Undergrad: 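Once you've had a glance at the structure underneath, I'll fire off some questions.
This structure is a prediction, so every number in the text was calculated from the model and none was measured. Hydrogens, waters and symmetry mates are skipped; everything else that's a heavy atom, side chains included, is used.
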Amino acid sequence: MSELLARHRAVMPQWLSLYYEQPIEITGGKGNHVVDADGTSYLDFFAGILTNMIGYDVAEVRDAVERQIASGVVHTSTVYLLRGQVELAEKIARLSGIPDAKVFFTNSGTEANESALLLATVARRSNQVLAMRQSYHGKSFGATAVTSNRAWKNNGLSPLNVSFLHGADRHLPQFARLSDHDYVAACVEDLRHVLATTTGGDVAALIAEPIQGVGGFTMAPDGLFAAYKEVLDEYGILFISDEVQTGWGRTGESFWGIANHGVTPDAMTFAKGLGNGFAIGGVVARGDLMDAPHAIGLNTFGGNPVSTAAANATLDYVLDHDLQANAAARGAEIIAGLREAAPRFPFVGDVRGKGLMFAVELIDPETLRPDPALASRMMEETRARGLLVGKGGLYGNTMRMAPPLTLTQAEAADGLRILVESLEAIA
């Protein structure tokens with residue numbers, strides 16, 4: 001055991017998980033590669049859990065941050081005007097597609113989801129909320145309440161009255177043989193049944209990820225949330241799209257993940273990649289919804305000058321370089337390659353994804369049950385070949401990957417090669 005690992009275990013909580021049998025310390029990065037303390041270089045296909053969205057040591061982001069720091073002002077708080085915050089909010093409001101949108105900045109996706117739930121419950125005067133099975137929305141008290149994955153929940157205590165819906169669980173026997181159309185119809189009927197049986201009728205909101213992150217990049221068929229929203233609108237129930245992992249063009253097909261469903265939500269939450277590593281999150285919502293809370297509000301660190309400098313530079317870079325199109329092209333190449341290789345490996349249960357957000361699910365080929373041990377072996381094999389990937393899924397058996405949106409064609413090919421070689425190694 002390394003000296004740093006021993007120190008980590010002595011002072012950090014045991015539930016703070018680390019990847020790999022021998023965890024690594026990342027000490028440097030350039031482009032889409034990182035270097036560990038031993039000098040080993042890796043192509044990064046997980047990007048700090050989708051956070052280093054445009055890679056490492058990006059001049060435009062570095063220069064923007066250094067200019068702000070050089071001003072001597074790294075913090076003033078939201079009780080003063082913040083030019084960078086206003087400029088960033090203007091961009092996000094315009095890009096959101098939400099009518100008369102306003103933006104509130106936080107420090108993380110968890111905070112963003114908490115804020116969105118606060119807006120919805122205040123507006124609807126109800127603590128009843130709908131969420132999706134297998135979801136993950138953060139680690140705070142309220143965010144855990146709308147999380148539907150036992151591995152990430154410590155207890156059933158909650159400030160919210162939550163009912164969970166189907167939509168990303170096609171693997172269940174009752175849905176496995178249904179077409180997309182029939183599955184959507186079954187889910188909508190279930191929504192109506194949930195509203196009639198487990199709620200008091202005055203539900204505040206549905207919060208949902210267009211593609212479930214921790215859930216292993218599982219996703220509902222395109223159009224499900226449009227069908228859900230027709231029902232929600234009948235009851236005045238608000239719709240919150242959690243775009244913490246799916247925003248900023250990552251899915252390739254659209255700038256926001258929810259756009260694939262042909263619906264505009266009442267609010268969207270965001271975080272992770274926006275600051276390219278600097279802590280920033282937030283909510284963009286209809287102006288009337290954002291203005292509804294009557295109590296005074298602020299966020300001491302949310303939307304601070306340094307984070308908004310990084311975020312403005314990052315968002316400009318994404319737009320100026322059309323990284324959504326790059327995500328679509330590179331993701332299509334990798335997903336197609338994985339699907340072509342999959343039939344050779346009976347333990348590959350599924351290859352799924354959109355753009356640069358894709359996953360490989362590993363199963364026991366005899367029982368067809370999830371195989372988390374095999375996923376752990378896959379993690380070690382990819383690392384040994386110089387590729388960093390993530391792991392997730394309801395049962396911990398899914399390799400999930402989300403490289404920086406700046407991934408080149410050569411890097412995509414190299415990553416695909418390593419993934420296939422790693423599958424061969426665990427066969």
Undergrad: Please answer whether the main-chain N or O of Ala279 pairs with a side-chain N or O of Ser307 as donor and acceptor at a distance below 3.5 Å.
TA: yes

Undergrad: Using every non-hydrogen atom in the two residues, find where Gly396 and Lys391 come nearest and quote the distance to one decimal.
TA: O-CD, 3.6 Å

Undergrad: Take atom CD in Glu21; do more than 12 heavy atoms of anything else shown fall under 6.0 Å from it?
TA: no

Undergrad: Decide side-chain contact (heavy atoms from CB on, under 4.5 Å) for Leu362 and Thr398; before the verdict, give the C-alpha distance in whole Å, the side-chain angles of both, and the deciding distance to 0.1 Å.
TA: CA-CA 6 Å; Leu362 303 181; Thr398 301; over 6 Å; no

Undergrad: Please indicate whether Asp100 has more than 12 foreign heavy atoms, meaning atoms of other residues, nucleotides or ligands, lying under 6.0 Å from its CG.
TA: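 No, because the 6.0 Å sphere around CG of Asp100 holds 12 heavy atoms or fewer from other groups.
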
Undergrad: Can you tell me if Glu114 and Ser140 form a side-chain donor-acceptor pair at under 3.5 Å?
TA: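 Result is yes, a qualifying pair exists.
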
Undergrad: Any sub-3.5 Å donor-acceptor pair from Ser77's side-chain atoms to Thr300's backbone N or O?
TA: no

Undergrad: Is there a donor in the side chain of Tyr235 and an acceptor in the side chain of Asp202, or the other way round, less than 3.5 Å apart?
TA: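 Absent: no donor and acceptor within the cut-off.
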
Undergrad: Is the shortest heavy-atom distance from the side chain of Pro293 to the side chain of Leu119 under 4.5 Å?
TA: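 Of all side-chain heavy-atom pairs linking Leu119 with Pro293, at least one is under 4.5 Å.
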
Undergrad: Just how far is it from atom CG of Leu232 to atom CD1 of Ile237, taken to the nearest 0.5 Å?
TA: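 If we round to the nearest 0.5 Å, Leu232:CG and Ile237:CD1 are 5.0 Å apart.
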
Undergrad: Of all heavy-atom pairs between Ala204 and Ser126, which one has the smallest distance, and what is that distance?
TA: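 Closest heavy-atom pair between Ala204 and Ser126: CB-O, 3.6 Å.
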
Undergrad: Can a salt bridge be assigned to the pair Glu361 and Arg352 using a cut-off of 4.0 Å between side-chain N and carboxylate O?
TA: yes

Undergrad: Anything under 30° is parallel, anything over 60° is perpendicular, the rest tilted; go ahead and classify Phe301 against His75.
TA: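 Tilted, since the angle between the ring planes falls between 30° and 60°.
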
Undergrad: Output yes when Lys102 and Asp291 qualify as a salt bridge under the 4.0 Å nitrogen-oxygen rule, no when they do not.
TA: yes

Undergrad: Hey, mind stepping through Val360 and Asp350 against side-chain contact (heavy atoms from CB on, under 4.5 Å) and telling me if it holds?
TA: CA-CA 6 Å; Val360 178; Asp350 191 23; over 6 Å; no

Undergrad: Using a 4.5 Å cut-off on heavy atoms from C-beta on, say whether the side chain of Trp256 contacts that of Thr264.
TA: no

Undergrad: If every non-hydrogen atom of Pro221 is compared with every non-hydrogen atom of Gly167, which pair is closest and at what distance?
TA: CD-O, 3.9 Å

Undergrad: Less than 4.0 Å between a side-chain N and a carboxylate O, is that true for Arg133 and Asp190?
TA: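 Salt bridge: no.
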
Undergrad: Are the side chains of Leu388 and Leu43 in touch, meaning some heavy atoms are under 4.5 Å apart?
TA: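 No - every pair of side-chain heavy atoms lies 4.5 Å or more apart.
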
Undergrad: Answer yes or no on whether Arg383 is positioned over the face of Tyr20, meaning its NZ or CZ is under 6.0 Å from the six-membered ring centre and within 45° of the axis.
TA: yes

Undergrad: Would you check if there is a donor-acceptor pair between the side chains of Asn113 and Asp242 at a distance under 3.5 Å?
TA: yes

Undergrad: Report the C-alpha distance between Val318 and Phe255 in whole Å, list the side-chain angles of each, state the deciding distance to 0.1 Å, and finish with yes or no for side-chain contact (heavy atoms from CB on, under 4.5 Å).
TA: CA-CA 10 Å; Val318 168; Phe255 197 71; 4.3 Å; yes

Undergrad: Checking the side chain of Glu243 only, and the main-chain atoms of Phe270 only, is there a donor and an acceptor separated by less than 3.5 Å?
TA: no

Undergrad: Roughly how far, to the nearest 0.5 Å, is the CZ atom of Phe104 from the OG atom of Ser115?
TA: 5.0 Å

Undergrad: I'd like to know if Glu87 pairs up with Lys91 as an ion pair, taking the criterion as any Lys NZ or Arg NE/NH1/NH2 lying under 4.0 Å from an Asp or Glu carboxylate oxygen.
TA: no

Undergrad: How many angstroms lie between atom CG of Leu238 and atom CG of Leu206, to the nearest 0.5 angstrom?
TA: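 Reported value, rounded in 0.5 Å steps: 10.0 Å.
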
Undergrad: Can you tell me how far apart CG (Leu374) and CE (Met399) are? Round to the nearest 0.5 Å.
TA: 9.0 Å

Undergrad: Got a salt bridge between Asp57 and Arg62, using NZ or NE/NH1/NH2 to carboxylate O under 4.0 Å?
TA: yes

Undergrad: Main chain of Ala310, side chain of Thr314: is a donor-acceptor contact present, judged purely on distance under 3.5 Å?
TA: yes

Undergrad: Do the non-hydrogen side-chain atoms of Pro404 and Met53 ever get within less than 4.5 Å of each other?
TA: no

Undergrad: Quick check: closest heavy atoms across Val389 and Thr382, and the distance to 0.1 Å?
TA: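 Nearest pair, atom of Val389 first, then Thr382: CG2-OG1, 3.6 Å.
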
Undergrad: Are the side chain of Asn326 and the backbone N or O of Leu407 linked by a donor-acceptor pair below 3.5 Å?
TA: yes

Undergrad: State whether the number of non-hydrogen atoms from other residues, nucleotides or ligands found under 6.0 Å of Leu16 atom CG is greater than 12.
TA: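 Yes - once you tally the heavy atoms of other residues, nucleotides and ligands closer than 6.0 Å, there are more than 12.
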
Undergrad: Decide yes or no for Leu130 and Val146: does some side-chain heavy atom of the first lie under 4.5 Å from some side-chain heavy atom of the second?
TA: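 No. Closest side-chain heavy atoms not under 4.5 Å.
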
Undergrad: Donor-acceptor check, side chain of Asn312 to backbone of Gly84, threshold 3.5 angstrom: yes or no?
TA: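 Yes.
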
Undergrad: Taking the side chain as C-beta and beyond, is there a heavy-atom pair between Gln212 and Phe217 under 4.5 Å?
TA: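 Gln212 does not reach Phe217 side chain to side chain.
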
Undergrad: Considering residues, nucleotides and ligands other than Leu319, do more than 12 of their heavy atoms fall under 6.0 Å from its CG?
TA: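 Yes, because the 6.0 Å sphere around CG of Leu319 holds more than 12 heavy atoms from other groups.
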
Undergrad: Given the ring of Tyr183, does Arg170 sit roughly above its face, with NZ or CZ under 6.0 Å from the centre of the six-membered ring and within 45° of the axis?
TA: yes

Undergrad: Tell me whether Gln68 contacts the main-chain N or O of Ala309 through its side chain, where contact means a donor paired with an acceptor under 3.5 Å.
TA: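 Between the backbone of Ala309 and the side chain of Gln68 there is no qualifying donor-acceptor contact (under 3.5 Å).
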
Undergrad: Please examine the side chains of Leu195 and Val231, heavy atoms only from C-beta on, and report whether any two atoms are closer than 4.5 Å.
TA: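 They are in side-chain contact.
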
Undergrad: Check Glu333 with Arg330, please: is the shortest side-chain N to carboxylate O separation under 4.0 Å?
TA: yes

Undergrad: Counting distance only, does the side-chain N/O of Lys139 pair as donor-acceptor with the main-chain N or O of Trp152 below 3.5 Å?
TA: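 Yes: the side chain of Lys139 pairs with the backbone of Trp152.
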
Undergrad: Would you tell me whether Asn299 and Glu111 have side-chain atoms, one donor and one acceptor, within less than 3.5 Å of each other?
TA: yes

Undergrad: When the ring planes of Phe45 and Phe358 are compared, do they come out parallel, tilted or perpendicular, using 30° and 60° as the limits?
TA: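 Judged by the thresholds at 30° and 60°, the geometry between Phe45 and Phe358 is perpendicular.
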
Undergrad: When you check the side-chain N and O atoms of Lys153 and Ser148, is any donor under 3.5 Å from an acceptor?
TA: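 Not at all, the side chains of Lys153 and Ser148 share no donor-acceptor pair under 3.5 Å.
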
Undergrad: Evaluate ring-ring contact (aromatic ring centres under 6.0 Å, His included) for Tyr56 paired with His33, printing each intermediate quantity in order.
TA: CA-CA 7 Å; Tyr56 299 84; His33 290 76; 9.5 Å; no

Undergrad: Less than 4.0 angstrom from a charged side-chain N to a carboxylate O is my criterion; do Arg94 and Glu90 meet it?
TA: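 Salt bridge: no.
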
Undergrad: Could you report the tightest heavy-atom contact between Arg250 and Ala327, atom names first, then the distance?
TA: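 Of all heavy-atom pairs spanning Arg250 and Ala327, the closest is O-CB, 3.7 Å.
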
Undergrad: Would Arg192 and Glu234 count as a salt bridge (Lys or Arg N to Asp or Glu O under 4.0 Å) if you check the C-alpha gap in whole Å, the side-chain angles of each, and the deciding distance to 0.1 Å?
TA: CA-CA 11 Å; Arg192 291 190 179 278; Glu234 292 176 20; 2.9 Å; yes

Undergrad: Rounded at 0.5 Å granularity, tell me how far OH in Tyr80 sits from CG in Leu298.
TA: 11.5 Å

Undergrad: Would a distance-only check, ignoring hydrogens and angles, find a side-chain to backbone donor-acceptor pair under 3.5 Å from Asn149 to Ala151?
TA: yes

Undergrad: Which of parallel (below 30°), tilted (30 to 60°) and perpendicular (above 60°) describes Tyr228 and Phe225?
TA: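 Because their plane-to-plane angle is over 60°, the rings of Tyr228 and Phe225 count as perpendicular.
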
Undergrad: CG/Leu165 to NE2/His193 distance, rounded to the nearest 0.5 angstrom?
TA: 13.0 Å

Undergrad: Indicate yes or no: at least one non-hydrogen side-chain atom of Ile418 is less than 4.5 angstrom from one of Tyr42.
TA: no

Undergrad: Test Glu189 against Cys187 for side-chain contact (heavy atoms from CB on, under 4.5 Å), laying out the working first.
TA: CA-CA 5 Å; Glu189 285 305 308; Cys187 290; over 6 Å; no

Undergrad: Is it true that Asn32 and Thr408 share a donor-acceptor pair across their side chains at a distance under 3.5 Å?
TA: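 Checked: Thr408/Asn32 side chains show no N/O donor-acceptor pair below 3.5 Å.
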
Undergrad: Shortest non-hydrogen contact from Gly257 to Thr251?
TA: CA-CG2, 4.3 Å

Undergrad: Backbone N or O of Ala328 within a donor-acceptor pair of the Gln324 side chain at under 3.5 Å?
TA: no

